[in-house]
2 protein chains.
Amino acid sequence: MELRHLRYFCMVAEELNLTRAAAKLHMAQPPLSRQIKQLESEVGAELFERSARGLRLTPAGQFFHEHTLQILDKVDTTIAATQRLARSKRVMFGIGFVPSVFYGQLPLLVRELRQKDNVELVLAELTTVQQVKALKSGRIDLGFGRMRIDDPDVEQENLFDEPLMAALPEGHPLADTKPTLAQLAEYPLVLFPAQPRPSLADMTLGLFRRRGLKVTVAQEANELQTALALVASEIGITLVPEQVKRVQRDGIVYVYLADPGLTSPVICSRRKGEAPSPIMQEANAILEVLVENRRSGRYP
Amino acid sequence: MELRHLRYFCMVAEELNLTRAAAKLHMAQPPLSRQIKQLESEVGAELFERSARGLRLTPAGQFFHEHTLQILDKVDTTIAATQRLARSKRVMFGIGFVPSVFYGQLPLLVRELRQKDNVELVLAELTTVQQVKALKSGRIDLGFGRMRIDDPDVEQENLFDEPLMAALPEGHPLADTKPTLAQLAEYPLVLFPAQPRPSLADMTLGLFRRRGLKVTVAQEANELQTALALVASEIGITLVPEQVKRVQRDGIVYVYLADPGLTSPVICSRRKGEAPSPIMQEANAILEVLVENRRSGRYP
DNA sequence: CGGAGCCATACCCTGGAGGTATCATGGAGC
DNA sequence: GCTCCATGATACCTCCAGGGTATGGCTCCG
């Protein structure tokens, strides 16, 4: 499949008439007809319903159209942005992160770096394992995760340890308390993220298991927002890093845990033994402030 | 430009060696060399620095690589999802929205609809004007905006009126008050969204102007998050619809206004005179509950 | 029932993608 | 400083696939 197919498809999906679409594309109708057929066979789905009086999009076709527009748009903006970057002599700086570190101060780092006019920031949501690979390949320059991974080419730094909190539905019996894990184990659990493993989910399970507590998993969720929605719907409770409490939601309360030492680290990864670029130095300076603010409990 | 170019580019960017990349792509080196050159000329930027000992990505090349990966990934997932959709006989349902309506109950609608296993939801961030076009073309089935637009093929319904609130930096003199517009006019304003106009920004300006108040615009911002960051940095204050107060941020407080009748509507658009599909009926039912919850002050 | 509109099929033609052979270049090794 | 080798660039050829033309077949409409 080529972009050509997508361009043709978009035009046909808009016109719903091969002859007219072909005219707009400055080509004859038969080859367009053929390309569309070819696209359908490559995608492996009927995209149009043919009738003697024009075409109609199938549901799959509608879906494909929507995403095709997004793809073509992304292609255009990528080209434009690349040109701009080439002309401006700016430099790229890539940051990888796992979703759960992106609720706290990390956005501040991003915002500060974005304001530098000599750097083009690229963000990528990556698991900690993917971050190591992305660091080595130069796709990213800095990674934020929650797991320690041994790799000779990557150095890791523990920025800080975050307490875990329990997210409870409003009005829950433990809502105004500082419960122990044992108390929480009485209630069904919403596990997240379900994919990819290993993750916070396994850590959560491990915490309970190590204490000999048996838990019921009521439901798994992939995204924080889903997990919180499930909690708000009283399907279960869940454990989250402290940063998440920034996500205020009606129907949810966060409580600290009575058990000491229940923390999840935020770990920063870099390529080992590389002289820090000017941007990296800036990032380090900002990070230092953020970590210091966190330690002192002061926020910007 | 074709996807072929992007596929080749990705391989070369990973190998940083034309000969090896060509081997992996099961082709000879010279045509690959040519295709890469062609890509560079079409993009209008040098993507590689050539040396006698392999290639190196330029900053623009790094940026392009990152986004190319995303594009190719999106192509693959789109094809896979389209196939699934075609096999499952599910139906597509598109929702367009302006960002500022997406902080309140709307996510609840999305979540509920997503759980139906006969519907594939597609979300698109669109301005109210774009929504009208997208409705007509069938790209979306339901639109949520903040402006009334007259169009014979589209019917609009005012779901509810939302009070406007002022977002102030923590510790601001008016922070614990219920200020009037006149009081707020004393302080510089952060205007948002700056693009596209007309928007909430013009409404804000209009509110002040109609009362004969002169305001200073300290800064414009395109995104809510930026606007709030500027407010937190004490660059100015801004007016936001009530839903936004869900976005809790350190350094920001929201206060209601003393002036009565300062509201921003949430308007729902549909194609006129179309028999509601089963999914549309479900959506309507959910919407009714949401609106009712809002009126009664009860939240799910 | 005939014509108009539209998509599909059959067949031809040509541009460009890919192949082969070879050149140009610069760093490594002696 | 010379040679060798790895690597990318260039030149030229081949052939296939994308696009064109002609035409058939199906529906809907008057």
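Quick note on labels: first sequence line is chain A, next is B, and so on, each numbered from 1.
- Taking atom CG of residue Leu18(B) and atom P of nucleotide dG18(C), one finds them 14 Å apart after rounding to whole Å.
- Following rounding to the nearest Å, Ile36(A) (CD1) and dT9(C) (P) show an atom-to-atom distance of 14 Å.
- Applying the ring-ring contact (aromatic ring centres under 6.0 Å, His included) test to His67(A) and every residue at least two apart in sequence or in another chain returns Phe63(A).
- Atoms OG1 and CD1, on Thr78(A) and Ile71(A) in that order, are 11.5 Å from each other to the nearest 0.5 Å.
- Atom CE of Met27(A) is separated from atom P of dC13(C) by 19 Å (rounded to the nearest Å).
- Going from atom CG of Leu69(B) over to atom NE2 of His65(B) covers 4.0 Å, rounded to the nearest 0.5 Å.
- Considering only side-chain N and O atoms, Thr19(B) lies nowhere under 4.0 angstrom from the phosphate OP1 or OP2 of dA6(D).
- Atom P of nucleotide dG8(D) and atom CG of Leu39(B) are separated by 16 Å, given to the nearest angstrom.
- Heavy atoms of Phe48(B) sit nowhere under 4.0 angstrom from any nucleic acid atom.
- The environment of Arg56(A) atom CZ is sparse: at most 12 non-hydrogen atoms of other residues, nucleotides or ligands sit within 6.0 angstrom.
- Note: CD (Glu49(B)) to P (dG26(C)) measures 15 Å, nearest angstrom.
- If you check dA9(D), dG19(D), dA8(C) against the side chain of Arg50(A), the one that comes closest is dA8(C).
- Ring pair Phe9(B)/Phe64(B) is perpendicular by interplanar angle, where above 60° counts as perpendicular and below 30° as parallel.
- Residue Gln38(B) is classed as a sugar-phosphate contact, given heavy-atom separations below 4.0 Å to backbone atoms only.
- As judged by a 4.0 angstrom heavy-atom cut-off over every strand, Leu55(A) is placed among residues touching the sugar-phosphate backbone only.
- The phosphate of dG8(D) has OP1 or OP2 within less than 4.0 Å of a side-chain N or O from Asn17(B).
- A donor-acceptor contact under 3.5 angstrom links the side chains of Gln156(A) and Ser269(A), judged on distance only.
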Can you tabulate the close N/O pairs, meaning under 3.5 Å, that link protein atoms to atoms of nucleotides 10-16 of chain D?
from, atom 1, to, atom 2, distance (Å)
dT10(D), OP2, Lys37(B), NZ, 3.4

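- No more than 12 heavy atoms of other residues, nucleotides or ligands sit less than 6.0 Å from atom NZ of Lys24(A).
- At whole-Å resolution of the value, CZ in Arg4(A) and P in dA17(D) are 11 Å apart.
- As a whole-Å value, the separation of Leu32(A) CG from dG19(D) P is 9 Å.
- Per the geometry, NE2 belonging to His26(B) stands 11 Å off P belonging to dG19(C), to the nearest Å.
- Side-chain N or O atoms of Arg50(A) include none that pairs as donor or acceptor with a backbone N or O of Leu55(A) at under 3.5 Å.
- A rotation axis mapping the C1' atoms of four pairs onto the next four is fitted at both ends of the helix from dC1(C)-dG30(D) to dC30(C)-dG1(D) over five pairs, and the angle between these axes is 30° to 10 degrees.
- Note: Leu3(B) CG to Leu3(A) CG = 3.5 Å, rounded to the nearest 0.5 Å.
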